[in-house]
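Note that ligands are numbered from 1 as they come in the structure, with each ligand's atoms numbered from 1 the same way. The first residue of the sequence shown is numbered 1, and numbering continues consecutively from there. The figures here come from the full heavy-atom set of this structure, side chains too, leaving out hydrogens, waters and symmetry mates.
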Amino acid sequence: MEKYILSLDQGTTSSRAILFDKAGKVVHVSQKEFTQHFPKPGWVEHNANEIWGSVLAVIAGVLSESNVKPEQIAGIGITNQRETTVVWDKETGLPVYNAIVWQSRQTSGICNELKEQGYNDLFRNKTGLLIDAYFSGTKVKWILDNVEGARQKAEEGKLLFGTIDTWLIWKLSGGSAHVTDYSNASRTLMFNIYDLKWDEELLEILGVPASMLPEVKPSSEVYANTVTHHFFGHEIPIAGAAGDQQSALFGQACFEEGMAKNTYGTGCFMLMNTGEKAVKSEHGLLTTLAWGLNGKVEYALEGSIFVAGSAIQWLRDGLRMLKNAKDSEDYAKKVESTDGVYVVPAFVGLGTPYWDSDVRGAIFGLTRGTSKEHFVRATLESLAYQTKDVLSAMEADSAIELKTLRVDGGAVMNNFLMDFQSDLLNVPVERPVVNETTALGAAYLAGLAVGYWESQEEIASQWAIDRSFEPKMSDEDRDQLYGGWKKAVHATMAFK
Ligand SMILES: Nc1ncnc2c1ncn2[C@@H]1O[C@H](COP(=O)(O)OP(=O)(O)O)[C@@H](O)[C@H]1O
Ligand SMILES: O=P(O)(O)OC[C@H](O)CO
């Protein structure tokens with residue numbers, strides 16, 4: 001009986017269940033979108049129960065559509081949109097408020113207060129992050145401060161906190177496991193990435209009771225078994241978990257120090273493996289835990305871009321310029337350049353390296369001759385410019401000059417974007433055969449825990465290239481284009 005690993009990839013806009021075989025190939029995918037709630041400008045929320053429902057639906061879908069039986073699943077790996085915060089009642093299992101999504105800005109007031117009180121360095125030195133509404137800590141505080149009765153219940157030990165990995169493991173295990181992994185814990189603003197413990201001083205400042213927090217575990221370990229009714233009578237080990245960006249780093253087999261990947265999804269996240277060394281950034285990058293494996297943890301440097309593929313969604317749904325995201329490539333190729341148009345998609349502020357919560361998007365260089373083609377091309381190019389900002393910071397912090405960049409995520413199917421990216425970075429951009437690297441990483445972590453795969457060497461040997469995009473642009477053109485982007489960003493930041 002052939003066995004498979006089931007990976008559950010719970011992303012910002014959809015949930016996916018993917019079956020992988022021993023060769024690391026996708027056997028079948030089932031995907032389901034769920035509702036995005038925007039209760040106020042800049043706020044983004046999800047219904048945690050709807051997320052759970054979507055995960056159950058894709059599990060059922062992937063099994064029935066592929067004809068794979070539950071007993072053929074050797075283990076389950078979980079990967080998730082990170083930082084998104086769920087607080088629920090231990091007894092009833094019901095969330096006390098919507099999940100506050102990583103993109104949501106509703107805690108920027110709390111963040112400003114913390115910064116005014118001079119806490120930035122304290123948080124940065126302990127967590128590798130900085131005070132920003134992006135991370136979970138202030139989202140938990142917001143729920144405890146704003147939901148009637150929540151703080152008292154939390155203090156009585158009746159509420160639990162979790163990022164989406166924790167929520168799903170708790171649900172899948174029938175409430176028996178309240179756990180997270182190192183990579184997810186490192187995104188909360190409450191976890192000390194050096195001592196590898198929840199940090200009492202930071203919890204005190206944020207007013208979060210320690211009793212709410214999950215136990216932090218390695219990324220590859222059997223945490224619990226599924227309760228039988230979710231898997232048609234079978235208990236299956238939940239054997240691995242990692243935040244989606246760290247999972248993609250693992251799925252891209254970036255195991256050596258200095259190897260990096262960039263994922264172009266809703267946002268865009270570049271991570272560089274820094275091995276057992278935590279590198280402190282001087283250029284607005286985050287220091288984060290890559291994973292816990294083989295009895296130790298490894299670190300990564302991260303550049304976080306909040307709006308990437310979602311800018312293409314905006315062209316499609318907001319401006320109705322596109323029927324689907326894929327058409328952006330044809331429009332962009334119809335013109336030679338943007339004719340000087342720049343789109344700065346700072347819809348929810350800017351992340352690395354600017355970290356400005358209050359800035360909002362802007363467009364520059366419009367003329368009477370500007371067409372839809374120029375506009376679409378400029379929006380696509382903004383993904384590449386933001387990536388160049390991040391890579392420049394990463395090379396400066398790590399003193400490593402990148403030789404190639406491995407890429408993945410929905411938007412890398414856009415060949416125009418990949419060509420432009422390579423030109424702008426002046427390095428080859430490598431797209432792997434398996435583009436579902438986020439899900440693959442969690443599958444590998446789970447598979448290692450249950451002996452489905454033997455070693456990281458075996459995994460690294462499975463990585464295969466689909467296409468390499470080589471740089472062709474002159475230095476002069478690159479400098480001129482990038483100079484224009486820098487001016488556009490600085491003008492955008494000045495307009496507040
Ligand atoms: N061919 C394409 N060109 C540009 N953007 C694309 C293309 N295909 C998908 N996208 C964008 O990629 C994103 C989906 O990627 P995905 O990796 O599934 O995201 P997530 O995991 O964040 O939900 C969407 O925001 C979509 O607009
Ligand atoms: O859902 P994605 O793939 O855009 O990933 C979101 C990130 O984990 C946010 O930190």
Side-chain angles (χ1 to χ4, degrees), residues 8-16 18 29 31-34 36 44 46 51 54 79-85 99-104 129 132-136 139 163-165 183-184 186-189 242-249 251 261-271 286 288 300 302-319 321-333 345 347-348 351-352 376-377 379-384 407-421 431 435-442:
L8 303 177
D9 176 3
Q10 205 302 298
T12 312
T13 55
S14 72
S15 301
R16 282 199 274 262
I18 305 187
V29 184
Q31 178 166 4
K32 192 167 167 41
E33 293 202 1
F34 53 86
Q36 307 289 317
V44 190
H46 294 157
I51 287 186
S54 71
T79 182
N80 55 290
Q81 52 167 325
R82 305 167 304 166
E83 299 99 11
T84 297
T85 296
I100 303 184
V101 177
W102 60 275
Q103 292 166 312
S104 197
L129 310 173
D132 191 90
Y134 177 25
F135 307 107
S136 318
K139 299 182 196 287
T163 40
I164 297 290
D165 54 318
S183 69
N184 274 297
S186 73
R187 314 297 299 184
T188 60
L189 210 62
D244 56 8
Q245 303 309 325
Q246 287 91 334
S247 187
L249 190 69
K261 68 87 205 180
N262 198 25
T263 301
Y264 301 72
T266 305
C268 200
F269 299 88
M270 191 190 294
L271 270 74
L286 307 172
T288 203
E302 171 174 325
S304 316
I305 296 164
F306 297 149
V307 173
S310 60
I312 310 304
Q313 281 173 340
W314 167 71
L315 292 181
R316 188 193 62 189
D317 306 337
L319 303 188
M321 279 196 183
L322 302 173
K323 278 218 181 65
N324 55 58
K326 195 168 158 281
D327 294 347
S328 59
E329 180 168 351
D330 292 336
Y331 283 110
K333 282 180 172 165
F347 305 145
V348 289
T352 308
V376 171
R377 182 172 172 132
T379 309
L380 273 174
E381 288 187 358
S382 75
L383 277 61
V407 297
D408 52 58
V412 303
M413 298 323 287
N414 191 311
N415 292 328
F416 163 78
L417 174 62
M418 293 299 101
D419 266 326
F420 186 75
Q421 186 69 87
R431 184 170 69 196
N435 190 33
E436 297 287 359
T437 46
T438 296
L440 182 58

Between the protein and ligand 2, are there any N or O atom pairs that come within less than 3.5 Å of each other, and if so, what are their names and distances?
{"residue": "ligand 2", "atom": "1 (O)", "partner": "Thr12", "partner atom": "N", "Å": "3.0"}
{"residue": "ligand 2", "atom": "1 (O)", "partner": "Thr12", "partner atom": "OG1", "Å": "2.4"}
{"residue": "ligand 2", "atom": "3 (O)", "partner": "Asp244", "partner atom": "OD2", "Å": "3.2"}
{"residue": "ligand 2", "atom": "5 (O)", "partner": "Asp244", "partner atom": "OD2", "Å": "2.8"}
{"residue": "ligand 2", "atom": "5 (O)", "partner": "Gln245", "partner atom": "NE2", "Å": "3.3"}
{"residue": "ligand 2", "atom": "8 (O)", "partner": "Arg82", "partner atom": "N", "Å": "3.0"}
{"residue": "ligand 2", "atom": "8 (O)", "partner": "Arg82", "partner atom": "NE", "Å": "3.1"}
{"residue": "ligand 2", "atom": "8 (O)", "partner": "Asp244", "partner atom": "OD1", "Å": "2.5"}
{"residue": "ligand 2", "atom": "8 (O)", "partner": "Asp244", "partner atom": "OD2", "Å": "3.3"}
{"residue": "ligand 2", "atom": "10 (O)", "partner": "Arg82", "partner atom": "NE", "Å": "3.2"}
{"residue": "ligand 2", "atom": "10 (O)", "partner": "Arg82", "partner atom": "NH2", "Å": "3.0"}
{"residue": "ligand 2", "atom": "10 (O)", "partner": "Glu83", "partner atom": "OE1", "Å": "2.6"}
{"residue": "ligand 2", "atom": "10 (O)", "partner": "Glu83", "partner atom": "OE2", "Å": "3.4"}
{"residue": "ligand 2", "atom": "10 (O)", "partner": "Tyr134", "partner atom": "OH", "Å": "2.8"}

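Side-chain atoms of Ser15 and Gln10 include a donor-acceptor pair closer than 3.5 Å.
In this structure, atom 24 (C) of ligand 1 lies nearest to the protein heavy atom Gln313 NE2, 3.8 Å. From the protein, the heavy atom lying nearest to atom 22 (O) of ligand 1 is Thr266 OG1, 2.5 Å. In terms of protein heavy-atom proximity, atom 27 (O) of ligand 1 is nearest to Gly309 O, 2.9 Å. Among all non-hydrogen protein atoms, the one lying nearest atom 12 (O) of ligand 1 is Ala411 N, 3.7 Å. Summary of contacts: the protein heavy atom closest to atom 16 (P) of ligand 1 is Gly410 N, 3.8 Å. Of the protein's non-hydrogen atoms, the one nearest atom 2 (C) of ligand 1 is Ala325 O, 3.8 Å.
Here Tyr331 contributes atom OH and Arg377 contributes atom CZ; the two are 15.5 Å apart, rounded to the nearest 0.5 Å. The line from CG of Leu286 to OG of Ser304 is 4.5 Å long, rounded to the nearest 0.5 Å.
Residue nearest to atom 23 (O) of ligand 1, selected from Ile312, Asp9, Thr13: Thr13 (by heavy-atom distance).
Heavy-atom contacts of Ser328 reach the following atoms of ligand 1: 3 (N), 4 (C) (cutoff under 4.0 Å).
In plain terms, the two heavy atoms of Arg16 and Gln31 that are nearest each other are NH1-NE2, 3.2 Å.
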Step by step, would you call Thr437 with Lys261 a side chain to side chain contact (heavy atoms under 4.5 Å, CB included)? CA-CA 10 Å; Thr437 46; Lys261 68 87 205 180; over 6 Å; no
